[in-house]
Amino acid sequence: MTKYYILFGPPGAGKGTQAGTLAKDYNLKHISTGELLRAEIAAGTELGIQAKELIAAGRLVPDTVVEGMIKSAFETVKGYDGFLLDGFPRNISQAKDLDDILAGRGESVTAVISIMISDEMIRERIKHRAAIEGRADDASDETITNRIDTYHSQTEPLIQYYKECGKYHEANGTGTIEEVYARLKAIM
Ligand code: ADP
């Protein structure tokens, strides 16, 4: 049975950092919708052109766009025990669509693992990352504020959604990378 883990958490919680190691340790394919979108932008595709402004504004791209990328990964990726989804789903509609996509494959979400930090720490981490990675959506205070607002209004309700089906697990995201990793491993 293929595993479908969701790595959840606010922007800047450290999902990308932790996902790389987790995916390796558990033979999972790491899929970051944010990274896939940035690759489309870098390649100058039609999809990338559409996504660029929304991302720069701190808003979500249309559900159909990310769901298309996710579906195509599920269909084409082979040789792993499962998937580690990072940045998807990001609203209730995407979560419901994911359930449908998996049901169509006779499968379901294995578990949601959430990395939790405060809004204050989101800002600190994103500012620090802006200096290192140079991501356009990390650069301005206004965009960061919009991403935090988008998280609270659209993404946070997923916590309740996954709690109701008994799949939600939360780790404290403060401390060193190694400390957070140990908490995630204990949950896995
Ligand atoms: P972060 O975790 O720091 O928010 P990501 O790399 O996951 O960064 O995402 C960057 C941006 O890409 C998001 O702010 C959003 O605009 C877009 N994006 C990523 N995943 C999704 C998704 N599942 N649905 C809609 N938009 C998304």
Side-chain angles (χ1 to χ4, degrees), residues 4-20 22-23 29-43 45-74 83-102 109 112-159 161-162 171 173 177 180 184:
Y4 295 89
Y5 289 101
I6 296 169
L7 196 57
F8 183 86
K15 298 189 293 289
T17 306
Q18 301 291 348
L22 277 177
K29 172 70 182 173
H30 172 208
I31 299 178
S32 158
T33 43
E35 261 175 40
L36 291 174
L37 290 167
R38 284 189 287 281
E40 296 282 342
I41 294 172
T45 65
E46 190 59 42
L47 195 159
I49 293 164
Q50 281 177 25
K52 191 175 175 175
E53 277 186 39
L54 290 166
I55 292 177
R59 299 176 51 199
L60 298 182
V61 307
D63 295 344
T64 48
V65 169
V66 283
E67 286 167 12
M69 299 192 306
I70 290 284
K71 264 194 238 168
S72 116
F74 287 169
F83 294 87
L84 184 61
L85 304 179
D86 160 8
F88 179 89
R90 234 177 172 96
N91 60 31
I92 295 284
S93 152
Q94 290 178 13
K96 289 188 172 157
D97 290 342
L98 174 63
D99 286 344
D100 289 345
I101 293 166
L102 293 181
V109 169
V112 176
I113 299 168
S114 169
I115 309 179
M116 213 32 79
I117 60 171
S118 66
D119 286 3
E120 206 177 36
M121 192 165 284
I122 296 176
R123 284 186 185 280
E124 265 175 45
R125 295 253 183 101
I126 291 180
K127 289 225 159 122
H128 176 71
R129 182 169 72 187
I132 299 169
E133 292 181 14
R135 261 173 60 174
D137 60 339
D138 284 347
S140 88
D141 278 327
E142 196 192 338
T143 300
I144 297 170
T145 299
N146 288 342
R147 283 162 67 195
I148 294 174
D149 290 349
T150 301
Y151 170 75
H152 286 305
S153 62
Q154 300 191 48
T155 310
E156 207 167 36
L158 290 175
I159 295 177
Y161 182 84
Y162 287 112
I177 291 174
V180 176
L184 298 178

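Every number for a ligand or one of its atoms is a count from 1 in the order of the listing. Bear in mind that the values here come from a model prediction, so they are computed numbers and not experimental data.
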Colleague: Evaluate the side-chain proximity of L98 to F88: yes if any heavy-atom separation is below 4.5 Å, no if none is.
Modeller: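 In short, these two side chains touch, coming nearer than 4.5 Å.
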Colleague: Considering heavy atoms of the protein only, find what lies nearest to atom 16 (O) of ligand 1 and give residue, atom and distance to 0.1 Å.
Modeller: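 Checked against all protein heavy atoms, atom 16 (O) of ligand 1 sits closest to R59 O, 2.5 Å.
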Colleague: Table please: side-chain donor-acceptor pairs of residues 128-136 below 3.5 Å, with sequence neighbours left out.
Modeller:
from: R129; atom 1: NE; to: D138; atom 2: OD2; distance (Å): 2.9
from: R129; atom 1: NH2; to: D138; atom 2: OD1; distance (Å): 3.3
from: R135; atom 1: NE; to: D137; atom 2: OD1; distance (Å): 3.0
from: R135; atom 1: NH2; to: D137; atom 2: OD1; distance (Å): 3.4
from: R135; atom 1: NH2; to: D137; atom 2: OD2; distance (Å): 3.0

Colleague: Is there a side-chain contact between T143 and R147, using heavy atoms and a 4.5 Å cut-off?
Modeller: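 In contact.
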Colleague: Is the shortest side-chain heavy-atom distance between I6 and Y162 below 4.5 Å?
Modeller: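 Yes, at least one pair of side-chain atoms sits under 4.5 Å.
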Colleague: Got an N/O contact under 3.5 Å between D86 and ligand 1?
Modeller: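 N/O-N/O distance below 3.5 Å does not exist for this pair.
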Colleague: What side-chain donor-acceptor pairs closer than 3.5 Å can you find for residues 47-72, not counting sequence neighbours?
Modeller:
from: D63; atom 1: OD1; to: N91; atom 2: ND2; distance (Å): 3.0
from: D63; atom 1: OD1; to: Q94; atom 2: NE2; distance (Å): 2.9
from: D63; atom 1: OD2; to: S93; atom 2: OG; distance (Å): 2.9

Colleague: Of the backbone atoms (N, CA, C, O) and the side-chain heavy atoms from C-beta on, which set of D137 has a member under 4.0 Å from an atom of ligand 1: side chain, backbone, both, or neither?
Modeller: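 The part of D137 near ligand 1 is the side chain, not the backbone.
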Colleague: Go through ligand 1 atom by atom and flag the ones less than 4.0 Å from a non-hydrogen atom of P11.
Modeller: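 Near P11, meaning under 4.0 Å from one of its heavy atoms, ligand 1 has 1 (P), 2 (O), 3 (O), 4 (O).
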Colleague: Which residue holds the protein heavy atom closest to atom 26 (N) of ligand 1, what is that atom called, and what is the gap in Å?
Modeller: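 For atom 26 (N) of ligand 1, the nearest protein heavy atom is V61 N, 3.1 Å.
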Colleague: Evaluate G87 for polar contact with ligand 1, using N/O atom pairs at a separation under 3.5 Å.
Modeller: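 Yes.
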Colleague: May I ask you to list the atoms of ligand 1 that are less than 4.0 angstrom from any heavy atom of V66?
Modeller: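 What qualifies from ligand 1 is 21 (C), 22 (C), 23 (N), 24 (N).
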Colleague: For ligand 1, find out whether one of its N or O atoms is nearer than 3.5 Å to an N or O atom of R38.
Modeller: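 Yes, at least one N or O pair falls under 3.5 Å.
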Colleague: If you count the atoms of ligand 1 from 1 in the order shown, which ones are under 4.0 Å from a heavy atom of R129?
Modeller: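 Reading through ligand 1 atom by atom, the close ones are 3 (O).
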Colleague: Please report the closest heavy-atom contact between M116 and Y151, naming both atoms and the distance.
Modeller: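 That closest heavy-atom pairing would be CE-OH, 3.7 Å.
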Colleague: Provide the closest heavy-atom pair for A23 versus H30 in the form atom of the first, atom of the second, distance.
Modeller: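 Minimum heavy-atom contact is CB-CB, 3.9 Å.
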Colleague: For atom 8 (O) of ligand 1, tell me which residue out of R135, E35, E67, R125 has the closest non-hydrogen atom.
Modeller: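 The nearest heavy atom belongs to R135.
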Colleague: May I ask you to identify the nearest protein heavy atom to atom 18 (N) of ligand 1, giving residue, atom name and distance to one decimal place in Å?
Modeller: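 Of every protein heavy atom, L37 CD1, 3.5 Å lies nearest to atom 18 (N) of ligand 1.
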Colleague: So which protein heavy atom does atom 20 (N) of ligand 1 come closest to, and at what separation?
Modeller: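 Of the protein heavy atoms, T33 OG1, 2.8 Å lies nearest.
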Colleague: Using a 6.0 Å cut-off, check whether atom CD1 of I92 has over 12 heavy atoms from anything other than its own residue.
Modeller: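 Yes.
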Colleague: Under 3.5 Å between any N/O of L60 and any N/O of ligand 1: does that happen in this structure?
Modeller: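 There is no such contact.
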Colleague: Out of all atoms in ligand 1, which are within 4.0 Å of some heavy atom of G12? Include the element for each.
Modeller: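 So the atoms of ligand 1 that pass are 3 (O).
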Colleague: Which of these, R90, K15, Q94, has its nearest heavy atom closest to atom 5 (P) of ligand 1?
Modeller: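 Looking at heavy atoms only, R90 sits closest to atom 5 (P) of ligand 1.
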Colleague: Side chains of P10 and I148: closer than 4.5 Å at any heavy-atom pair?
Modeller: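 They are not in side-chain contact.
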Colleague: Does the plane of the ring in Y4 sit parallel, tilted or perpendicular to the ring in F74? Use 30° and 60° as the thresholds.
Modeller: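 Answer is perpendicular, since the angle exceeds 60°.
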